[in-house]
Amino acid sequence: MTLPFQCIEAYSLPTERSCEWAVFGVCGSRLVVQTSSGVTSTWPTEQYPTRSTEPADEPEGPPGKRVKLSPPADQIMNFSCLTLSNGKEHIVAITAEDKCIRVFRLDSENQLQQLSQRCMARRPCALAITSDDSTILCADKFGDVYSLPLQYTPEDDMTETPIPEESETPAEKDYKPAASVLTVHSGRNRKVLEEQMKQASKGVKKSKEPLKFKHELLLGHVSMLTDIAYARIDERSYILTADRDEHIRVSRGPPQAHIIEGFCQGHDEFVTKLCLPTPGVLVSGGGDPHLYIWDWVNSRLLNKFCIRDAVSAFMKTLTEDKSNLEDKISKTVVSGIWNVPATSTQDVILVACEGVPAVFSISLGGTNGPPVLGQTIPLTGNALDVGIISQNKEFCTAIVSIDNIHKPGSTTEIREDEGPNRLQCFSCKGNEWHEDSDVMAKLEWLNRRALGDEGDSGTDSKVTSQSPRRADEKALRDILYGMENLRKRPGAED
Amino acid sequence: MPGEPAKRTKREEYKSTLGEGQDAQLPKKKFYRQRAHANPFSDHSLTYPKCPADMDWASLYPAYVVEEPQDGSHDQKEISEGKGNAITKQVEIADIGCGFGGLLFALAPKLPDTLILGMEIRTSVTEYVQDKVRALRAQHTPTTNASTHDFQNVSCIRANTMKFLPNFFTRAQLSKIFLCFPDPHFKQRKHKARIVSYTLASEYAYVLRPGGIVYTITDVEDLHNWMVGHFEKHPSFEMVGEEELEKEGDVCVGIMRKETEEGKKVERNKGMKFVACFRRAEDPPWP
């Protein structure tokens with residue numbers, strides 16, 4: 001049994017005669033890569049040797065509860081995000097459970113090497129890298145965006161004084177409640193104040209240890225951030241941030257990230273993805289029926305495209321069982337938007353939705369027309385992520401990560417037999433996408449063998465014996481399909 | 001809890017009498033009391049416009065509704081082009097966390113030509129202010145007491161401004177923001193819920209015009225230091241002294257000290273009041 005890749009990324013370096021590329025995938029807590037020359041690498045090479053001593057029977061109890069406990073030191077951490085630097089030298093990834101930002105690179109032998117790991121105070125949700133590849137912008141679950149230098153060595157900490165996160169009045173010599181008898185008015189609050197005074201006399205409570213590496217708070221929303229993008233237009237740099245409260249904010253880039261330039265307002269539901277296909281154009285999607293296309297520099301809506309209609313039309317051809325199909329369609333969530341490098345005169349994007357076994361190719365139509373659905377590409381399983389290899393100016397290949405565990409069209413039902421492929425490849429010629437068996441053949445290792453049973457070496461089989469596939473179904477579902485959970489439930493609380 | 005049902009019935013009874021031609025009667029505060037805290041992070045079932053242009057200002061400020069041009073010509077300059085809900089002036093002053101509206105009703109006669117909006121997250125407190133606005137407007141009729149203020153320039157809405165401030169106001173729309181006696185959120189782990197932070201200061205700067213002022217007042221010294229620290233750190237704000245503002249003819253600080261409900265309570269308890277004001281600086285040129 002093999003688990004699907006929750007995220008994939010690809011890069012290509014077209015040379016005069018051919019094209020070198022590499023496809024990265026993350027599967028649970030492991031990062032793998034395969035290059036066009038056939039070299040493969042896995043990180044970490046050996047998975048948690050300490051864990052092998054653990055009993056195989058993990059408690060079957062409700063999985064939700066364990067999360068709340070303080071995580072053990074060797075807790076499994078799963079990758080949740082993968083980004084390539086603009087120069088394609090570095091791969092920056094987030095591991096969710098330990099809130100860690102990890103920087104990797106391929107060394108001269110094309111082997112994965114972790115350069116740094118930095119654990120943030122809050123769980124990072126999305127990453128962007130500045131155009132000069134100097135800085136990582138990290139958007140977190142608390143709504144804040146931090147900047148960290150991409151290049152990092154632990155020795156830096158010795159020379160640089162850590163920047164305090166916030167001016168949180170570090171004068172903690174003697175804890176004194178901020179409230180006083182004068183500011184507290186109700187009886188119950190007075191009692192609380194007395195309690196606090198009592199606590200204070202017992203001794204100083206240790207506050208959270210500040211982060212030891214260089215990081216700077218740039219901006220923040222009072223809502224969970226879902227995506228971040230960095231853009232440069234005419235020497236001006238911008239940060240775009242999207243949150244769960246329908247907001248898309250446009251701020252200036254560092255060092256003026258405290259200045260808000262505008263908001264792209266119009267979404268009715270949470271925003272999950274931002275994509276900048278051409279300078280000045282933003283495509284955003286989320287829990288809304290529509291994708292929104294913006295002239296984001298001027299906070300102006302250019303067009304909308306009803307992705308829910310496209311999903312609906314496709315899902316109706318897919319299944320005979322029309323029961324609860326409407327409900328499913330009404331919960332359509334955009335899980336990814338990718339820009340297809342110019343293949344023709346038109347700008348084309350690929351769009352995926354959670355639990356939908358298809359990728360939608362949409363022509364944006366530029367300034368002189370509405371966006372048009374070019375093609376619905378059916379898949380053998382739900383689309384999870386897309387990486388794009390640009391072979392040359394006219395020809396590119398989309399590597400789609402497929403959910404081979406859940407039934408196509410469902411995020412909950414498990415297949416009886418594991419799906420055949422974890423990847424599917426499509427090449428775009430003209431404006432048509434066709435399955436590409438050449439690239440697929442080259443990616444055979446990544447598709448079927450990486451981290452799988454068919455592993456050839458001893459280490460590999462050891463890996464599978466304890467690979468994350470033991471993780472229960474819910475844990476897997478949480479890794480693959482977290483976005484629908486962002487929808488607000490009306491009247492849940494007041 | 002014993003007494004709860006009686007309280008609810010009394011409130012319902014009271015509110016049902018409000019509709020019966022008692023417009024001019026001032027609401028009674030005791031029927032509107034509500035717990036002093038609200039969680040700004042939760043998904044309250046709030047209503048808010050998608051963007052400022054969608055905001056229905058006309059129902060809040062009916063005296064300022066744009067008259068339909070009778071001859072079809074557009075000689076009147078429309079400032080906000082909503083959906084037929086345009087008003088001739090824009091809101092310029094926001095009292096964030098207005099509570100029972102003491103400051104609003106004191107400011108309104110002092111700044112009769114400026115639209116003032118109170119924003120409060122607690123439903124029933126918001127209702128109190130809205131009922132009071134209605135009563136004060138009804139009390140004022142040109143025939144009986146033309147000398148009193150008509151309170152057409154003040155209104156109140158329920159809103160979570162920490163999340164949705166830019167849904168109500170456009171860039172540089174406001175000239176003044178009041179943050180009076182905000183919830184101190186004493187516990188360290190609740191500090192993120194404070195109405196002032198470095199990151200929220202960016203939003204205040206966005207809706208304020210250059211030269212606009214943020215006024216803060218609190219009786220909690222620690223919170224005062226916190227607010228000063230965060231605004232001072234923000235490059236878009238510089239602190240201004242009270243005296244300097246008074247010299248400029250600004251009457252707001254005095255009113256804020258004396259007229260806010262919380263300010264009066266602190267006065268009675270002989271507590272301390274800490275005031276800090278910050279001026280919105282011009283945005284620097286792009287680097």
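Numbered from 1 within each chain, the chains take letters A, B, ... in sequence-line order. Since we're looking at a predicted model, the values are computed, not measured.
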Exercise. Would you mind checking which part of B:Leu46 comes under 4.5 Å of any heavy atom in chain A, side chain (CB onward), backbone (N, CA, C, O), both or neither?
Key: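 Neither; nothing under 4.5 Å.
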
Quiz item: Side chain, backbone, both or neither: which part of B:Asn160 has a non-hydrogen atom closer than 4.5 Å to chain A?
Solution: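 Interface part for B:Asn160: neither.
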
Exercise. Look at the rings of A:His247 and B:Phe164 and say which category their plane angle falls in: under 30° parallel, 30 to 60° tilted, over 60° perpendicular.
Key: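 Judged by the thresholds at 30° and 60°, the geometry between A:His247 and B:Phe164 is tilted.
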
Exercise. Report the relative orientation of the aromatic rings in A:His258 and B:His234; use parallel for angles under 30°, tilted for 30 to 60°, perpendicular for over 60°.
Key: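 Answer is perpendicular, since the angle exceeds 60°.
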
Practice problem: Considering only NZ, NE, NH1 and NH2 on the basic side and carboxylate oxygens on the acidic side, decide whether B:Glu203 and A:Arg249 come within less than 4.0 Å. | Solution: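 Salt bridge between B:Glu203 and A:Arg249, a charged N being under 4.0 Å from a carboxylate O: yes.
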
Heavy-atom pair of closest approach, residues [X] and [Y]:
{"X": "B:Trp286", "Y": "A:Gln256", "result": "CA-OE1, 4.0 Å"}
{"X": "B:Arg171", "Y": "A:Ile260", "result": "NH2-O, 3.7 Å"}
{"X": "B:Lys50", "Y": "A:Asp268", "result": "CE-OD1, 2.9 Å"}

Practice problem: Give, for atom CD1 of A:Ile259 and atom OH of B:Tyr206, the distance between the pair rounded to the nearest 0.5 Å. | Solution: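 Going from the CD1 atom of A:Ile259 to the OH atom of B:Tyr206 covers 13.0 Å.
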
Exercise. Check whether A:Asp243 gets within reach of chain B through its side chain, its backbone, both or neither, counting any heavy atom under 4.5 Å.
Key: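 Neither; nothing under 4.5 Å.
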
Quiz item: So what's closer than 4.5 Å to chain B heavy atoms on A:Ser237: side chain, backbone, both or neither?
Solution: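 Backbone only.
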
Self-check item: A:Gln265 vs B:Pro52 side-chain heavy atoms within contact, under 4.5 Å
Solution: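 With C-beta onward as the side chain, the pair touches.
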
